[in-house]
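The chains referred to below are lettered A, B, ... by the order of the sequence lines, with proteins before strands, and numbering in each begins at 1.
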Amino acid sequence: MPLFEISTKEQDLALLKKSKTRTKTTTVKKSGGSIADRINTIKAMVETHLGKFADETIIIQDEQTLSDYVDKCLKNGICSIDTETTGLDPLQDELVGVGIYTPGEKTTYIPINHISYVTGQKVKNQLSLDVVGKYLAKLNADIDMFNAAFDIRFIKNHTGTRLKCTWDAYLASRCLNENEPNKGLKKLHQKYILRGEEDAFKFDELFKGIDFRYVPIKTAALYAAHDPKITWEYAEYQRNIFRTKENLKDVYWVFKNIEMPVVDVVVDMEDTGVEFDMEYNAQLKEKYHKILDEKLEEFQTAYHMYDDEINAYKNSEVISDEYIYPDATTSAGKKNKYGKATGKKVSNRVKLDDPINIASVPQLQALLYDIIGLKGPIDKKTKEPSRSTSEESLKANKDNAVVKAILDYREFATIVSTFIDKLPECVNPKDGRIHCKFNQYGADTGRFSSQDPNMQNIPSHNKDIRKMFKATDGYVMMSADYSQQEPKCMTMMCQDPLMVNAYNQGKDLYAEIASLSFNTTYENCLEFRPDGTTNPEGKERRSQAKSILLGVLYGRGVPSIAEQLKTTTAKAQEIKDSVFRGFPAIEQFEKDSQAMAEECGYVTTLWGRKRRLPAMMLPDYEFEYIDKDSSDPLSFDEDGDNEVPANIVRSYMSKLSRAWGKKKQAIIAEAKQEGIKITDNTKNKDVTKVVNARIQGSAADMSKLAMIMLHNDEKLKEWGFRMLIPVHDEIIAECPKEHAKEVVERFAQIMSEAPGEKFTIPIKCDVEVSERWYGDRITL
DNA sequence: ACGCGACGCGCC
DNA sequence: AAAGGGCGCGTCGCGT
């Protein structure tokens, strides 16, 4: 790690995404001024903004004081804790100090690893990690934290004491409002406790690039001791909200019984990490870079056929938005538009690198659409040929050698740069393992997310990549995935007796839906006949039913489903109607969910998690008279003077309900002419998210419940089972070889028992065992 | 030099 | 005429 770095907990969350750039090379020098200057600035700023707290802060520098404070915490039964560190990695960065607070007492800061920036020597009068650990272990009280897994891991890995957090204010904040834009403790405290009365001083900037160890203890204490206090204040505020709002009962259940227990699972998964095979990676590197180089050459050879045109482009005279070929033999005098990559103004003529940068969208656009003169697929909105260079758009011109070369290159480019080249850089040199960070409430639906690296988007289609991850020596890897987790959640939520039946009879749901919707036998809707031969018609029926169901689940429109099924919109609509006729409960579920969202502004999962979609409460359109004369005091009269009469509203509504796109714009424009302002809310209403949030969220609840049960299972613990990566409907884990057999059985069993009485249909769960992630299957 | 949005793409 | 939910990240190129 670079020497001069700092991370405080709040920055950790607030700057979650920027962590990589921050931990890379930030130095005191780059941040300006000598270290002494920087420290002096920090001293002065902290003094100015936090000096008022000096009398309320205790710096704990001896065992007795710590012991006394721990006693106070025990007496109160509650405290809050926050750590200061040199970075974001609990395995490689240092624990600098710990702040503890218990209500009614002074705030404290325990310096542990401060260093004099003058002498470079460790500052005297600091407690050791051992002693701090010893007393933290006695903290048998409720503990508030913010982003608890981070602090628990730091304290665990440096002092040996594993704290148990009772209230993670970050997770509570996510449960209370997943749309909250502020993710950091200080900002949340500012907003909800101080209510914006005081200026939020940007400590992030102040401490940027400074190793917290070099901050003098007195200064550090003022800053650091404040954090546990605001953590507690914010947590208290949250507890009060949960207590007083009856409609948060279920959300509270999710918080206490799902989110908080998952914290301990995350701590273990992050600390465990996954073993990464560097040698195998080196082999892949060679193999794939060779391929990539070949593809790049093919691209260059292909576009060299257009060298004349390229030169003409480069030498073209630029006139405003257009250019003219000076050479009459090519596209003589013809004007061409170009250079609108993002819809906003870009440079008039794209500067082409030599060789042309295949990774540059603007350069490819110039090459394909201006120089070669290809026409992309028609853009739905502008109705002009698209200038997109996405795979989908390029396919329209896949006969062109340059386009083909780009597609070929792209197939490997992501795999090489994102996975083969990047993953080895993520390996912790101390143990040869990759320890990514899991954000257990990363997605607003309740799903996990993963970063540094993202372990949830490792290619599965390409088997080479996942094989870089292997089981610890003496262990086997295993992955258990829920089959059809989301359709099953949907079945449980809509309680369609036919769907429930299908699952209870062990039938293939999609085939059953196809059978009942298209009035044919179940057997006629399967991909294979009983004799093992393929049945193309059955396969098609099944896939149609599947598309419709998943379409509903994803909030997908009929035209999109039509495209997937390679049929017309009308036909897709017909199929959808059939399915809805056969399974009215699906349509009812969709309607109920939309109604719930429109009425309450949120939807709920099977276990009571909420997804707030407040825009759903807005009417589709709002009507008001535009003030003709703003100087007229009457025009500001609130008593309905601006209200458009109901009959006029009705007339517009009926017109609008039948109109789309430009027609709709025309109606709104027409109304404006007549002095009526129509606000179109339909584009802001998250109709497509409504059903999906319920299903995806329920599935996330279910997976988390499984993780908790797996983590707490005594037998699995005994057998050395440990989870490694949650991939939404799948859990990757490992265990010592000798226990593989019994672990597999119990693993699958617990997974299927996890949803408990909420599920009245069987859950099947296959567990695959291998040496490597997606390696050859081992039969036990 | 760095932050950020757009784009494109990997996963479920 | 209509067009897919949830993520993280590499790269580019603009803006500061």
Sequence neighbours left out, what passes side chain to side chain contact (heavy atoms under 4.5 Å, CB included) with A:Thr414? Give chain and number order.
A:Thr418

Short side-chain N/O contact to B:dG8 OP1/OP2 from A:Thr389, under 4.0 Å
yes

Students often get this wrong, so: under 4.0 angstrom with heavy atoms, is A:Ser450 touching a base, only sugar-phosphate, or nothing?
sugar-phosphate

If you assign each of A:His728 and A:Arg658 to its closest nucleotide in DNA chain C, which residue comes earlier from the 5' end?
A:Arg658

For B:dG10 and A:Asn454 - does any side-chain N or O of the residue sit under 4.0 Å from the phosphate oxygens OP1/OP2?
no

Restricting to side chain to side chain contact (heavy atoms under 4.5 Å, CB included), what partner residues turn up for A:Lys571, sequence neighbours left out?
A:Thr567, A:Thr568, A:Glu574, A:Ile575

Where does the angle between the aromatic ring planes of A:Phe412 and A:Tyr288 fall among parallel (under 30°), tilted (30 to 60°) and perpendicular (over 60°)?
tilted

Contact class for A:Leu553 vs. all strands (heavy atom < 4.0 Å): base, sugar-phosphate, or nothing?
nothing

Hey, is the side chain of A:Lys422 poking within less than 4.0 Å of OP1 or OP2 on C:dC9, counting only N and O atoms?
no

Looking at every non-hydrogen atom in both residues, tell me the closest pair between A:Phe299 and A:Ile356 and how far apart they are.
CE2-O, 3.8 Å

Has A:Arg410 got a side-chain N or O lying under 4.0 Å from the OP1 or OP2 atom of B:dC9?
yes

With distance as the sole criterion, do the side chain of A:Arg447 and the base of B:dC12 form a donor-acceptor contact below 3.5 Å?
yes

Looking only at the side chain of A:Glu563 (C-beta and beyond, no hydrogens), which of the listed nucleotides B:dG8, C:dG5, C:dA3 gets closest?
C:dA3

Does B:dC11 have OP1 or OP2 under 4.0 Å away from a side-chain N or O of A:Ser460?
yes

Looking at A:Thr418, does any N or O in its side chain come under 4.0 Å of the phosphate oxygens OP1/OP2 on B:dG10?
no

By the 4.0 Å heavy-atom rule, please label A:Pro559 as base, sugar-phosphate, or nothing.
base

Sticking with atom C1', work out how far C:dG4 lies from B:dC9, rounded to a whole angstrom.
15 Å

Check the phosphate of C:dG13 against A:Ser360, side-chain N and O only, distance under 4.0 Å to OP1 or OP2. Yes or no?
yes

